[in-house]
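Following: one structure in structure tokens, then a few remarks.
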Amino acid sequence: MSHSMKHPEKYKPSVHFVKKAVFPSLSQYQSMHRESLRSPDKFWGRIGKGELAWFTQPKKTLDWKSPFAKWFVGGKLNVSFNCIDRHLEGGKRHKAAILFEGEPGDVRVLTYQQLHDEVCRFANALKGEGVKKGDRVMIYLPMVPEAAIAMLACARIGAVHSVVFGGFSSESLKDRIQDCGAKLVITADGGYRRGQVGGLKQNVDAAVAVCPGVRRVIVLKRTGHLEKLNPIDRWWHELVAHQPSTCPPEKMDSEDPLFILYTSGSTGKPKGILHTTAGYLLGAHLTTKWVFDLKETDLFWCTADVGWVTGHSYTVYGALSNGTTTLMYEGVPNQPEPDRFWQIIEKHRVNIFYTAPTAIRSFIRWGDHWVKKHDLSSLRLLGSVGEPINPEAWRWYHQVIGGGRCPIVDTWWQTETGSHLITTLPGVHATKPGSAGLPFFGVDMAVVDDQGKEVKAGVQGKLVVRKPWPSMLRTIHGDSERYAKTYWSDVPNCYFTGDGAKKDADGYFWISGRIDDVLNVSGHRLGTAEVESALVTHPAVAEAAVVGRPDDLKGQAVVAFVTLKAGHKSGSELVAALRERVSKEIGPIAKPDQIRFAEALPKTRSGKIMRRLLKEVAAGGAVKGDVTTLEDLNVIASLQASSGEES
Ligand code: WT7
């Protein structure tokens, strides 16, 4: 990426080992880490037993029939019990569990006791609607406490939730409802974003109209902008009004599904990533505790929407499982002004702040004066996630937000991994701006070549994991063959991440980004194939090829090359129509930044689109904005092919 190269600089190890209860000395940390790799069963067995609350202890730590893993076999537990009930017995009963700030400025605090009562009422309401253990429930809500309440209520009764980010279109929602066979959808009459009321309900109505399997829609009143319900709808507040505030937690098997979360791959429609109960919870719990170095009094703020895995594992499950206070903010960072985040940190005295590099680059662009207006001295730890952080952004984050005193954890992980796999641990490891750090406990990470052989330090290769880990995905919902093929066939006996990386001489990993046909746009994962499919639904489009282009703000921008059917004309009107089409099919986040019309797409003799060439054209193009004239890419293609660069 261009922005990461501007000021190459040697790093200064600036963090020194800090003695703490879990790691009383550096050598004890090291021996624990060694043990976690050498005897993962013994290590995870002990940690799982000590960190989670069980109804029945597991009989066996791991049952591995590659590529299918079962962790904590025979164990019984409940995620909502672990996130709520176990904190009610001690001094945390009246501690804030969720601190919510809406975009208009409304603040709500739910203590653990209140969270318990709300979750139980809603769980009883779900039961009343006929939801049973194993049923799938769709959640399409703004970032409000009820999103967490709905997730925990599902977990309490053993229903499997699938949260869909509110920025996805009704078309995407429909695909996901159908793929996971959901019976019930939870939504709201809207949410506040950018000073406006975002419409979720209309999208649900459109989706549900073609999903006969959905028997009920529960509607949360957030904005008061909905007059009338459809026959299938019920108000959230009416359903919970007379429900008891207790609901016994279902005794779930360690391997019972907890949630399905859809994410983009390099081919076809998004995949339903399936996570189960014990292993996932342990991963989310332990990384939250150790990577964010939680203290009893912390206020933890992860800015991710619960529609993404970061919101699942850190805003909700990891934070609450540890009995910490988690902050949820509904809106965008520049509403009403670009200092909203800093205002929130100052007002509520946030201690730990976890956000994405793309956001950090926006803050830099908006200017330091917005930060300087606020007292950020409550912060003691910063986190970064979602894409490689360029060293300039790292240093700005460290200096301007962290006042030079807060360590930064750059956490590498994926929807599939469930929790952090590469990171530094504060107080234990030195940090290097731009490197995510070192593998977490029990994670056997490596960089390999195309043959699957580990490469030497400093050499670029494929990032793989060589052993199963507790919070790994178990399968792709409804398609175990695709699971095996997508993740476990590229490199023999390894989980292939889709990322390229290199490992330096100190064992630190440097992630270069996706090397498959997946884009990372503002930390959001997007499949080129999905955007292409959306484009060809337009009657004017014959063929489409989508590639990423380095972008200083978003990391990657979406560039689409399009050929038209006979009789159709390129032009700015068609550009607008195509962008709209993608927005309707997938969601506004997928709108191409640039659409380029071509006579033909450059192809190899066997008919494969030469993506590498298109990437170069997209990146090198002096052309700014939409290209509305036809480009003859075949000329470049033939040049490249003759110089042997075809792939
Ligand atoms: C992809 C996963 C789970 C976090 C949210 C995104 C990229 C994630 C980092 C990081 C470099 C990162 C990778 C990965 N990524 N974190 N710290 N440094 N790259 O989850 O949507 O499943 O995307 O995000 O490319 O494969 P996701």
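Throughout, numbering of the chain's residues begins at 1 and tracks the sequence. Counting convention: from 1, in listed order, for ligands and their atoms alike.
Each side chain to side chain donor-acceptor pair (under 3.5 Å) pair with one or both residues in residues 299-310, not counting sequence neighbours, appears once here: Thr303-Thr355.
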Between side-chain atoms of residues 433-440 and protein atoms elsewhere (two or more places apart, or another chain), which donor-acceptor pairs fall under 3.5 Å?
{"from": "Ser435", "atom 1": "OG", "to": "Gly437", "atom 2": "N", "distance (Å)": "3.1"}
{"from": "Ser435", "atom 1": "OG", "to": "Phe509", "atom 2": "O", "distance (Å)": "2.7"}

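Judged by a 6.0 Å distance limit and a 45° cone about the ring axis, Arg340 is not positioned over the six-membered ring of Tyr329.
To the nearest 0.5 angstrom, Lys502 atom NZ is 13.5 Å from Leu463 atom CG.
A side-chain contact (heavy atoms from CB on, under 4.5 Å) with Glu416 holds for exactly one of Leu261, Thr263, Leu274, Ile476; it is Thr263.
In terms of the ring-ring contact (aromatic ring centres under 6.0 Å, His included) criterion, residue partners of Trp413 (sequence neighbours excluded) are, by chain and number, Tyr314, His420.
The immediate protein surroundings of ligand 1, defined as residues with any heavy atom under 4.0 Å of it, consist of Val309, Thr310, Val385, Gly386, Glu387, Pro388, Asp410, Thr411, Trp412, Trp413, Gln414, Thr415, Asp499, Ile511, Arg514, Asn520, Arg525.
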